2 protein chains.
Amino acid sequence: MSSATVSFVVNDDPKAQTLTQATRDKVLEAVRLLDYRPNLQARSLRTQRSHSIAVLTDELTAVPYENSTIRGMQERAWAGGFMVTTMTTGGNAALAEHAVEVVLARQFDAVIVTTAFTREVEVPAAFDSIPLVLLNCFSRDGHRSVLPAERSGSRSAAELLLAAGHTRIGFINGLRETWAAGQRRLGYRDALRAAGIAYDRTLVRWGDYQTDSGHRHATVLLDSPNPPTAIMAGNDRMAVGVYYAAYQRGLRIPEDLSVVGYDDHAEFSAHAVPAMSTVRLPYYEMGRAAVDLLIAGTPAGDAPPTGHGLVTEVECQPVARKSIGPPRSDPIAPSPPARPRDQARDDAPPENPT
Amino acid sequence: MSSATVSFVVNDDPKAQTLTQATRDKVLEAVRLLDYRPNLQARSLRTQRSHSIAVLTDELTAVPYENSTIRGMQERAWAGGFMVTTMTTGGNAALAEHAVEVVLARQFDAVIVTTAFTREVEVPAAFDSIPLVLLNCFSRDGHRSVLPAERSGSRSAAELLLAAGHTRIGFINGLRETWAAGQRRLGYRDALRAAGIAYDRTLVRWGDYQTDSGHRHATVLLDSPNPPTAIMAGNDRMAVGVYYAAYQRGLRIPEDLSVVGYDDHAEFSAHAVPAMSTVRLPYYEMGRAAVDLLIAGTPAGDAPPTGHGLVTEVECQPVARKSIGPPRSDPIAPSPPARPRDQARDDAPPENPT
DNA sequence: TTGTAGGCGTTATCAT
DNA sequence: ATGATAACGCCTACAA
């Protein structure tokens, strides 16, 4: 019994078809007896394939959905016999450089470069020699990338509102200079256009993704002469700000105002009162897709999302909850009714502790 | 120029002291020229040390501080020339088993088993042959573990309030059956005892870590005949519930009620209005400590936290912000003033959307 | 002061 | 149908 024989049966190599069932059993028995496990490092050395994928991320964000990305990557990788190890650079150049060294020296088979927020990245030249995909980011050097389909996602959000009968839809978009916000603006416009509604620029505003920003912009929208009957926000957090602004003026959701968020960040959307309709950012699927691009061919289960050319877009599904209703028949009063308050704290909104 | 020579200078082996500066330079030059990188897999095969640590976690929690753990582990590991790769099992037995196989087959040098919430764990027997530390969890099989010093942390929280002059301190603890809640109860008692204040069992309640729970229990406490002038909560999220309850009855923080949270979960604490005083769970430091136990001896920088025997406790520092003030001189009205409301929604608290 | 050779645990090629 | 044997890239005694 030679090592070669063992190798055959352990990996059940097709060429091992020629083996006697007897020897095969003998090997298997020995394996069990000795609790034998192939040394994968040695195997890698020999085969020149480590079956490891490195994930370089600028920051492990404080937002939970980033974990979905990791889960998606890991599950797909494991299904294909791969391992993923993630390295966080935190935007620190020294750490980033170290990470590159490690990837090269440790014989990783492939790299995923990912960012917390969708943006353009610069891929280190040292990675030219290794398969790479960009996840939630993009570059101008012809690397493949996996991105959320923001434009159609935003369109879905608007359609949720249009379907309920709204025609004046306020839009508190994200930071103007971001890619996502640009796409979302297009999606919003697409939806209106398809519905034959004129684009009213006074209805769209640029927020900064913070609760407070949502609150502020919603205030402006709601207090305008011809206020919207529905507001969509660039993320769930800002949508919470919209809730606050509505509540402050005694407006009920969804009876008096419909709201839709973006991201489906459960902390804000599912747990809101009433539960917030939103659009889900498909982090899990994106993670899967990125790994899939790298190890396509290895069996995994379901089909990968359709990729056309260099960029694979993953759809953002609308999730309808309780924050959307038909528009109020009577227009919202132009200026908010001065509510009697029992306390001296009329100025400070009592909410917003989170 | 032989491979041995190269090996010496690349690793600057002490035995290479005998080398001519000339040859040394020649090697270095060649390294630069060829962009040579030692193959760490091959090295591992030879040295039987992979310099890799596996992190098995039950779930990558939705809570951001888990990321701090990972950062702490990674930074300490990198400083010592190690790599960490984390594998999430999500409580799935099959995944857990796979993870164990991977750890063994891939020649990881050590394992960290960690959990999202402090609890007892069962360590797979297959790990008997490999250095292991438990992080944020513990077992009864004599494994080393790194834990937050909950008891003294809770004591610190209470002391924050005592120092401000409070003597009636409500405590909305966490789930009764958890280790952390047990420790925290002791810490609360320690603080009161040291201040010579009698323990009033009507002031301590068991919540379930949700905002809503904090809101409910705070309501009970504040509406009791002899309400506390300060409330400490088992986590920041419940403390937000306390804020809500206070605001609902027109109580200002910290003028009418002092509040202290636990965790320092920024989403809830730092961003609250007013900013919440709390106690920080030292996830980053715990991550560092866990790796440190495993690779002690490798230079890293600062000194590790003191560990006595099998468990290394890492202190939870109080962080004072704006939610604590002196107790009100006049007692809070026993029953809340019936506030006039302008809306029909008197029942439903307008807050709590997050 | 430097070079040679053996072996870490695999896999792959070639004999047997 | 199976057994030797070389090689993957590195480290390390030991020899030169």
Side-chain angles (χ1 to χ4, degrees), chain A residues 1-52 54 81-83 101-110 126 129-130 298, chain B residues 1-52 54 81-83 101-110 126 129-130 298:
Chain A
M1 172 114 54
S2 81
S3 65
T5 310
V6 175
S7 177
F8 282 157
V9 5
V10 166
N11 304 330
D12 47 33
D13 191 297
K15 287 164 199 159
Q17 297 307 339
T18 63
L19 287 181
T20 306
Q21 188 58 40
T23 44
R24 186 190 308 259
D25 286 348
K26 219 160 44 170
V27 171
L28 258 20
E29 177 61 18
V31 163
R32 198 167 315 116
L33 231 60
L34 303 177
D35 196 32
Y36 169 82
R37 265 175 259 271
N39 179 326
L40 296 190
Q41 297 232 88
R43 175 179 295 174
S44 295
L45 180 59
R46 181 61 236 246
T47 61
Q48 305 289 33
R49 311 209 59 219
S50 64
H51 288 262
S52 306
F82 277 71
M83 199 181 68
E101 282 311 311
V102 169
V103 168
L104 266 17
R106 295 233 185 210
Q107 314 296 119
F108 279 90
D109 284 342
S129 58
I130 181 172
T298 320
Chain B
M1 170 117 51
S2 81
S3 66
T5 310
V6 174
S7 178
F8 284 157
V9 5
V10 165
N11 305 329
D12 46 34
D13 191 296
K15 288 163 201 162
Q17 295 308 337
T18 62
L19 289 182
T20 305
Q21 188 58 40
T23 44
R24 184 190 310 259
D25 285 348
K26 220 160 43 172
V27 171
L28 259 21
E29 178 60 18
V31 164
R32 198 168 314 117
L33 230 60
L34 303 177
D35 197 30
Y36 168 83
R37 264 175 262 273
N39 179 327
L40 297 191
Q41 298 231 86
R43 176 180 294 173
S44 295
L45 182 58
R46 178 61 234 252
T47 60
Q48 304 289 36
R49 313 210 57 219
S50 64
H51 287 262
S52 305
F82 277 72
M83 199 181 67
E101 281 312 309
V102 169
V103 168
L104 266 17
R106 296 234 185 209
Q107 316 295 119
F108 279 89
D109 284 343
S129 58
I130 182 173
T298 321

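In what follows, chains are A, B, ... by sequence order, proteins preceding strands, each numbered from 1. Remember, predicted model here, so these are calculated numbers, not experimental data.
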Rounded to 10°, the angle between the first-five-pair and last-five-pair axes of the helix from C:dT1-D:dA16 to C:dT16-D:dA1 is 50°

So CG of B:L28 and OG1 of B:T23: to nearest 0.5 Å the spacing works out to 10.5 Å

Is the phosphate of C:dT2 approached by B:T20 (side-chain N or O, under 4.0 Å from OP1 or OP2)? yes

When rounded to whole Å, the CZ to C1' distance for the pair B:R24 and C:dG3 reads 17 Å

Are B:Q48 and C:dG9 close enough that a side-chain N or O sits under 4.0 Å from OP1 or OP2? yes

Here the distance between atom P of C:dG9 and atom CD of B:Q107, to the nearest Å, is 8 Å

When rounded to whole Å, the NZ to C1' distance for the pair A:K26 and D:dA1 reads 12 Å

Task: From CA spacing to verdict: side-chain contact (heavy atoms from CB on, under 4.5 Å), B:R106, A:H51 - done: CA-CA 10 Å; B:R106 296 234 185 209; A:H51 288 262; 3.6 Å; yes

B:L45 and A:A42 have their tightest heavy-atom pair at CD1-CB, 3.7 Å

Every protein N/O lying under 3.5 Å from an N/O of nucleotides 10-13 of chain C:
residue : atom : partner : partner atom : Å
C:dT10  : OP1  : A:Y36   : OH           : 3.0
C:dT10  : OP1  : A:R37   : O            : 3.3
C:dT10  : OP1  : A:N39   : N            : 2.5
C:dT10  : OP2  : A:Y36   : OH           : 3.1
C:dT10  : O5'  : A:N39   : N            : 3.3
C:dT11  : OP1  : A:N11   : ND2          : 2.8
C:dT11  : OP1  : A:R43   : NE           : 2.6
C:dT11  : OP1  : A:R43   : NH2          : 3.1
C:dT11  : OP2  : A:S7    : OG           : 2.7
C:dT11  : OP2  : A:N11   : ND2          : 3.4
C:dT11  : O2   : A:R46   : NH1          : 2.2

To the nearest angstrom, the CG-P distance between A:D25 and D:dT2 comes to 12 Å

A:Q21 CD to D:dT2 C1', in whole Å, measures 15 Å

Taken to the nearest whole Å, CZ/A:R49 to P/C:dG9 is 23 Å

Shortest non-hydrogen pair, A:R43 vs A:P38, comes out as NH2-CB, 3.5 Å

Exercise for review: Test side-chain contact (heavy atoms from CB on, under 4.5 Å) on A:Q41 and B:S50 and set out the steps.
Suggested key: CA-CA 9 Å; A:Q41 297 232 88; B:S50 64; 3.7 Å; yes

For A:Q107 and B:N39, what are the C-alpha separation, side-chain angles and deciding distance, and is it a side-chain contact (heavy atoms from CB on, under 4.5 Å)?
-> CA-CA 7 Å; A:Q107 314 296 119; B:N39 179 327; 3.5 Å; yes

Correct closest heavy-atom pair for B:A54 and B:V103 would be CB-CG2, 3.7 Å

* Asked: Salt bridge between A:E29 and A:R32, side-chain N to carboxylate O under 4.0 Å?
  -> yes

Hits for salt bridge (charged side-chain N to carboxylate O under 4.0 Å, His left out) against A:R37, two or more places apart or cross-chain, chain-then-number order -> A:D35, B:E101

When rounded to whole Å, the CG to P distance for the pair A:L104 and D:dG9 reads 15 Å

B:H51 NE2 to D:dC11 P, in whole Å, measures 10 Å

